[in-house]
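Encoded as structure tokens, the structure appears first; notes follow it.
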Protein chains: 2
Amino acid sequence: MNRKATALDVAKLAGVSRSAVSLVLNGRGDGNVAKESQVRIREAAATLNYTPNAIALSLRNRRSRIIGIVSDQVVTSPFDGNIIAGADAVARSQGFVTVVMDTELDETRDESAVATLLDRQVDGLMYVTVGLRPLHVPLNMLRVPSVLANCFDDRPEAGVPAVIPDEVRGGREAATHLLELGHRDIAFLAGDGVTPAAPRRIQGHREAFEAAGLPVRPGRILEAGWDIDAGFHGAMKLLDGVAAPDRPTAIVCANDRLAVGVVLAANRLGLAVPQDVSVMGYDDEFRIASTMVPALTTMALPLREMGAAAMTGLLRELSEEPEDYDDGGAPAEHGRPGQTLVPCRLVVRESTGPVPS
Amino acid sequence: MNRKATALDVAKLAGVSRSAVSLVLNGRGDGNVAKESQVRIREAAATLNYTPNAIALSLRNRRSRIIGIVSDQVVTSPFDGNIIAGADAVARSQGFVTVVMDTELDETRDESAVATLLDRQVDGLMYVTVGLRPLHVPLNMLRVPSVLANCFDDRPEAGVPAVIPDEVRGGREAATHLLELGHRDIAFLAGDGVTPAAPRRIQGHREAFEAAGLPVRPGRILEAGWDIDAGFHGAMKLLDGVAAPDRPTAIVCANDRLAVGVVLAANRLGLAVPQDVSVMGYDDEFRIASTMVPALTTMALPLREMGAAAMTGLLRELSEEPEDYDDGGAPAEHGRPGQTLVPCRLVVRESTGPVPS
DNA sequence: TTGAAAGCGGTACCAC
DNA sequence: GTGGTACCGCTTTCAA
């Protein structure tokens with residue numbers, strides 16, 4: 001295979017000039033180029049298999065139709081991946097391409113990742129994190145329209161719009177689901193205090209109890225961690241050697257892997273899920289929640305939606321800002337100004353049931 | 001923030017010509033540009049925060065320092081992600097950037113993904129799949145140096161080098177581990193027959209038994225699927241209501257999620273892992289295998305290594321092919337010509353132990 | 001030692 | 001209706 005055909009090749013084959021080729025292939029042929037020339041040009045383009053060189057286009061137009069994505073850890077997590085997938089789908093549908101740079105949780109690589117992307121003339125920038133967290137946006141990011149997904153800058157003046165899950169509401173609706181099943185003694189296995197996700201989910205949990213006029217029993221909110229073993233040990237603490245009346249009848253976990261650990265522990269103790277104890281996850285982790293035995297009731301994180309929403313907003317900003325940029329802050333849909341809250345989605349499966357009588 | 005500085009800006013500030021700037025900043029100043037001009041140029045570049053426009057560079061040099069990666073499903077899987085992470089790290093270390101296009105398992109998007117990438121003037125192409133599988137490389141891929149990771153083209157003439165895990169050996173070493181612990185009746189919970197990974201692992205399994213002069217009991221190889229519930233039901237079939245002498249003493253699973261299902265089933269049946277039955281996973285899936293209770297002994301897929309190996313080979317080919325391409329097939333390290341086999345790595349944790357007496 | 005100029009592949013303006 | 005040409009930002013050759 002030899003090198004790709006250029007507009008000049010097409011022009012020669014069709015016996016016209018480069019400009020004619022450009023006009024016709026961009027739909028502005030009518031009224032500028034003779035009908036029969038147009039036909040010859042299209043034929044020539046087809047036989048040569050011509051597509052314009054995106055690099056040359058970028059240089060000329062000063063816009064690359066590339067969106068740069070900085071991720072703190074794409075790779076090993078289905079989380080970031082889904083956000084990026086949602087964003088990428090939207091971008092692709094509008095003729096944009098995304099390029100992802102992964103800092104692998106090394107914050108010192110933030111600025112250089114952004115700089116590399118900027119050198120590539122990206123039209124816009126998106127910063128994605130695995131877990132919900134606050135950050136200081138890399139300064140360079142302000143040079144082009146930008147958006148944050150699953151993270152936020154808590155300095156009010158930062159001025160980069162953020163798209164994050166509505167964790168408080170998620171926690172509230174999770175607890176409500178259980179409350180409606182008749183549970184009154186519900187334990188919460190939280191991740192850690194450092195990521196804002198767990199505290200927000202707990203806040204929602206408390207709000208649900210409050211709204212129902214019920215108390216949260218002391219000692220029922222356990223900071224556990226995020227992994228299977230943490231769930232296992234947390235559940236053992238809650239269930240092992242505890243008489244039925246003193247046992248929580250339901251355990252809601254800050255993620256699905258914790259819930260796996262809880263079920264593992266229940267099985268080992270001879271407790272049936274959900275007959276003896278209901279278990280809820282959070283995240284709806286792919287290939288885990290739905291295939292677990294029993295399949296996990298969980299609060300699905302709207303990852304793809306967040307990615308899509310973030311990208312949609314970004315591209316809108318791009319098209320509104322034809323040449324020079326305006327300072328108008330994006331209108332917030334909910335939450336703090338500049339923050340869009342995307343609701344989580346309750347997925348009821350088999351790990352929760354009515355309170356044991 | 002206004003727009004980025006160009007070489008011309010630097011030249012003006014330093015009071016020299018653009019060419020001088022180019023020479024100096026590319027290390028070819030000595031012998032061409034006066035020492036003091038050099039200093040002024042560097043200072044000017046620094047104060048203007050100048051970095052060259054990668055787009056213009058690409059157009060000029062006809063090489064973009066971009067490697068295009070086509071993935072059949074990055075997103076939701078830690079698998080692809082890790083391969084890409086390994087590849088990306090190598091690429092970045094050599095000043096390349098990767099851009100990933102995800103076909104989301106839609107094969108009709110193959111060619112268009114490659115075409116898009118080619119329009120962007122990628123210097124090389126890599127095709128990555130979530131699971132090991134054969135494929136027909138998109139024709140366009142042959143236009144630039146390319147490599148396959150975790151997949152292969154079974155048409156001998158395709159001529160695209162592939163980097164894949166040594167699954168046969170992985171299956172063999174997994175069985176050997178168990179055999180050495182004294183197990184003689186070992187069951188294998190396979191995925192499905194359609195992906196080549198499972199059959200190869202099974203082949204290795206059989207080879208290990210053969211080498212030990214032992215038979216594989218009939219009915220001990222079960223095609224189960226790939227998920228937690230499949231592992232659960234497979235294990236129930238093997239263990240539930242079966243007297244100890246007729247029970248396998250070890251179960252090796254085609255992946256870690258199956259192993260989770262097996263442990264879940266064992267717990268429910270009151271069987272202890274590994275005291276009553278040893279369980280092995282495969283893949284060493286992040287956040288699952290090591291945090292499982294008990295932590296899973298598993299055969300780690302060399303994902304990052306595969307990505308790194310593939311990218312290393314690709315970049316080598318790029319640098320050996322300064323202008324026009326040569327047809328020399330890449331030398332195979334093992335396996336079929338053009339295929340590099342990367343060994344898996346046995347990770348011994350707590351889910352396997354000596355055969356019960 | 002320096003600067004002018006060509007060209008990478010397009011697009012768009014402007015004479016003809 | 002058409003083709004010539006300037007320009008996007010950079011590298012590289014060549015003449016001064």
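So you know, we letter chains A, B, ... as the sequences are listed, proteins then strands, and number each from 1. For clarity, every value in this text was computed on a predicted model and none was experimentally measured. Reckoned from all heavy atoms, side chains included, excluding hydrogens, waters and symmetry mates.
Residue A:N32 is in base contact, counting any heavy-atom pair closer than 4.0 Å across all strands shown.
Which of D:dC10, D:dG3, C:dT11 sits closest to the side chain of A:S17 comes down to D:dG3. Listed nucleotides C:dT11, D:dC10, C:dC8 differ in distance to B:R62; the shortest reach to its side chain belongs to C:dC8. Distance from the side chain of B:L59 is smallest for C:dG9 among the nucleotides D:dT11, C:dG9, C:dT2. Side-chain proximity of A:V33 to D:dT2, C:dG10, D:dG9: nearest is D:dT2.
Heavy atoms only, all atoms of each residue included: A:R120 and B:A54 are closest at CD-CB, 3.9 Å. Counting all heavy atoms, side chain and backbone alike, A:L135 lies closest to A:C151 at CD2-SG, 3.6 Å.
For A:R28, a side-chain nitrogen or oxygen approaches OP1 or OP2 of C:dA12 to under 4.0 Å. Dashed line: the shortest gap from a side-chain N or O of B:N26 to OP1 or OP2 of D:dT11 is under 4.0 Å. Between D:dG9 and B:Y50, no contact under 4.0 Å exists linking OP1 or OP2 to a side-chain N or O.
Salt bridge status for B:K4 with B:D9: absent, with no side-chain N to carboxylate O gap under 4.0 Å.
A:L23 places its CG atom 8 Å from the P atom of C:dA12, with the value rounded to the nearest Å. In this structure, the CZ atom of A:R65 is 17 Å from the P atom of C:dG10, given to the nearest Å. The distance between atom CG of A:N61 and atom C1' of C:dG9, rounded to the nearest whole Å, is 12 Å. Straight-line distance from the NZ atom of B:K4 to the P atom of D:dC8: 16 Å, rounded to whole Å.
Between the side chain of A:T6 and the base of C:dG10, no donor-acceptor pair under 3.5 Å is found. Counting distance only, with no hydrogens placed and no angle test, the side-chain atoms of B:S19 and the base atoms of C:dA4 include a donor-acceptor pair under 3.5 Å. Judged by distance alone with a 3.5 Å cut-off, a donor-acceptor contact links the side chain of A:R18 to the base of C:dG10.
Interatomic distance, CG of B:N82 versus CG of B:N150, reported as 11.0 Å (0.5 Å rounding).
Each of B:T103, B:D110, B:L125 was compared with B:P138 under the side chain to side chain contact (heavy atoms under 4.5 Å, CB included) criterion, and only B:D110 meets it.
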